[in-house]
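Naming: A, B, ... by sequence-line order, numbering from 1 per chain. For the numbers below, each heavy atom of this structure counts, side chains included, while hydrogens, waters and symmetry mates do not.
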Number of protein chains: 2
Amino acid sequence: MLKSEEFVKFIESWGTMGVLWGINRSMARIHAFMILSENPVDLDEISKALYISRGNASMCLKELRNWGVIQRVHISGERRDFYVIEPDVWKMFFRIAVERKKREFDPALDTLRQLIAEKDSKKVKKVSDRLQRIEETFSTFDRILNKFLENEKTSRIMIEFFKNFAPR
Amino acid sequence: MLKSEEFVKFIESWGTMGVLWGINRSMARIHAFMILSENPVDLDEISKALYISRGNASMCLKELRNWGVIQRVHISGERRDFYVIEPDVWKMFFRIAVERKKREFDPALDTLRQLIAEKDSKKVKKVSDRLQRIEETFSTFDRILNKFLENEKTSRIMIEFFKNFAPR
DNA sequence: CTATCCTTTCAGTATATACTGAAAGATATT
DNA sequence: AATATCTTTCAGTATATACTGAAAGGATAG
């Protein structure tokens, strides 16, 4: 399961898309490599296959684990650590969504609200109306996302709804 | 409407969030500045207020126009170009979504499909099943997004649905 | 037509981000 | 407890990304 031209293309393309998720190229390439691997992989294999230093590979694996998109597994009789991807693709999506929201959306919404709450400014009506509209939009978005992420079951229901709404 | 502490904070925070949208700090800061401006702004004003070179400001404005989140307006009697934000916040959201999808999601989905279509590989069942599941997930996501973005009216309907589903 | 005002371009430079590899830290093996 | 195997850390370095400012390119005014 290695090294056809398409595999390389997939790994690099996944790497590019990684930016969409806010993860860096190496992380995404490692993730792609793991998707294409039949068996659990170890640091050495990754390092050699993708021409990445062990140090970097180690840091990327740690970060991928933080994001919850891969897991460390133990193989009896083996001393090394092995890794597998989170097998549930939607779950993988959610985890990324949660992480990004927490890191970048929430603080921005906070600041927006603070700005609106601010009393003594020389705010012009036009601008405060605009801020109000933005806050409403963000807030709606926030509620939808929270609803979506609140538990497994809710997510599944929403996905099913979506599938019907936009059938193949 | 300038330079309270909160305004600066808002601008910088918006700048951070910009990364979420795949736009760089300067672009996002300029956008934030424009949100807070009562009247159309020009290049010079931006450059001075945000301590950005005119060259950079010019490039950022161009890019923001490409994304469709700001518009150039003409003010009679004025020689300079002026700019305003897209006033419809949801529309702004959509434009960013469309752009990002086009740039980063679509190519990845393409590659994924190519990889699946590939005939003569030594693909292991486990891996091809996994790829199949990923394709399904991505494809569903793609259809939802397309549905959402296909026209103004559909978007509005979906937003209304969401608002009811996740009320304030 | 030419001077003035404004915008854009882009080579060079600065800054931020990612990566390497050697050393230290862990954990298992004998 | 010494050795071997594997992982993590991090200072230094490389690479990628963003920014500057001077020069060229337009547009309008006189």
*How is the hydrophobic cluster of A:Met59 composed, in terms of its other members, when Ile, Leu, Val, Met, Phe, Trp and Tyr link through side-chain heavy atoms under 4.5 Å apart, directly or indirectly?*
none
*Tell me: CD1 of B:Ile46 to P of C:dC6, nearest whole Å?*
15 Å
*Which sits closer to the 5' end of DNA chain D, A:Phe82 or A:Arg25, going by the nucleotide each is nearest to?*
A:Phe82
Donor-acceptor pairs are to be reported for all side-chain atoms of residues 159-168 of chain A against protein atoms at under 3.5 Å, with residues two or more places apart or in another chain.
unit_1	atom_1	unit_2	atom_2	d
A:Asn164	ND2	A:Glu160	O	3.4

_Output the rounded distance in Å from CE (B:Met59) to P (C:dT8)._
11 Å
*Just checking A:Arg65: base, sugar-phosphate only, or nothing, at a heavy-atom cut-off of under 4.0 Å?*
sugar-phosphate
*Please name all residues satisfying salt bridge (charged side-chain N to carboxylate O under 4.0 Å, His left out) with B:Glu86, sequence neighbours left out, ordered by chain then number.*
B:Arg95
_Could you walk me through whether A:Trp90 and B:Thr137 satisfy the side chain to side chain contact (heavy atoms under 4.5 Å, CB included) test, starting with their C-alpha distance in whole Å, then the side-chain angles of each, then the deciding distance to 0.1 Å, before giving a yes or no?_
CA-CA 7 Å; A:Trp90 282 108; B:Thr137 307; 3.4 Å; yes
*First and last nucleotide of DNA chain D, 5' to 3', lying under 4.0 Å from heavy atoms of chain A*: D:dA4 to D:dC10
*Nucleotide C:dT7, atom P - distance to CZ of B:Arg54 in whole Å*: 7 Å
*asked:* Using a heavy-atom cut-off of 4.0 Å across all strands, would you classify B:Asp81 as base, sugar-phosphate, or nothing?
replied: sugar-phosphate
*Quick one, which residues of residues 68-79 of chain B touch DNA chain C with a heavy atom under 4.0 Å?*
B:Arg72, B:Arg79
_Test side chain to side chain contact (heavy atoms under 4.5 Å, CB included) on B:Ile35 and A:Arg130; report intermediate values, then the result._
CA-CA 8 Å; B:Ile35 289 171; A:Arg130 190 188 290 161; 4.2 Å; yes
_Once you apply a heavy-atom cut-off of 4.0 Å, does B:Asn24 come out as touching a base, just sugar-phosphate, or nothing?_
sugar-phosphate
*Which ILVMFWY residues are connected to A:Val73, directly or by a chain of links, through side-chain heavy atoms under 4.5 Å apart?*
A:Ile75, A:Phe82, A:Val84
_For the residue pair B:Arg143 / B:Ser139, report whether a side-chain donor-acceptor contact shorter than 3.5 Å exists._
yes
_Proximity of B:Trp14 and A:Phe138 rings by center, below 6.0 Å_ = yes
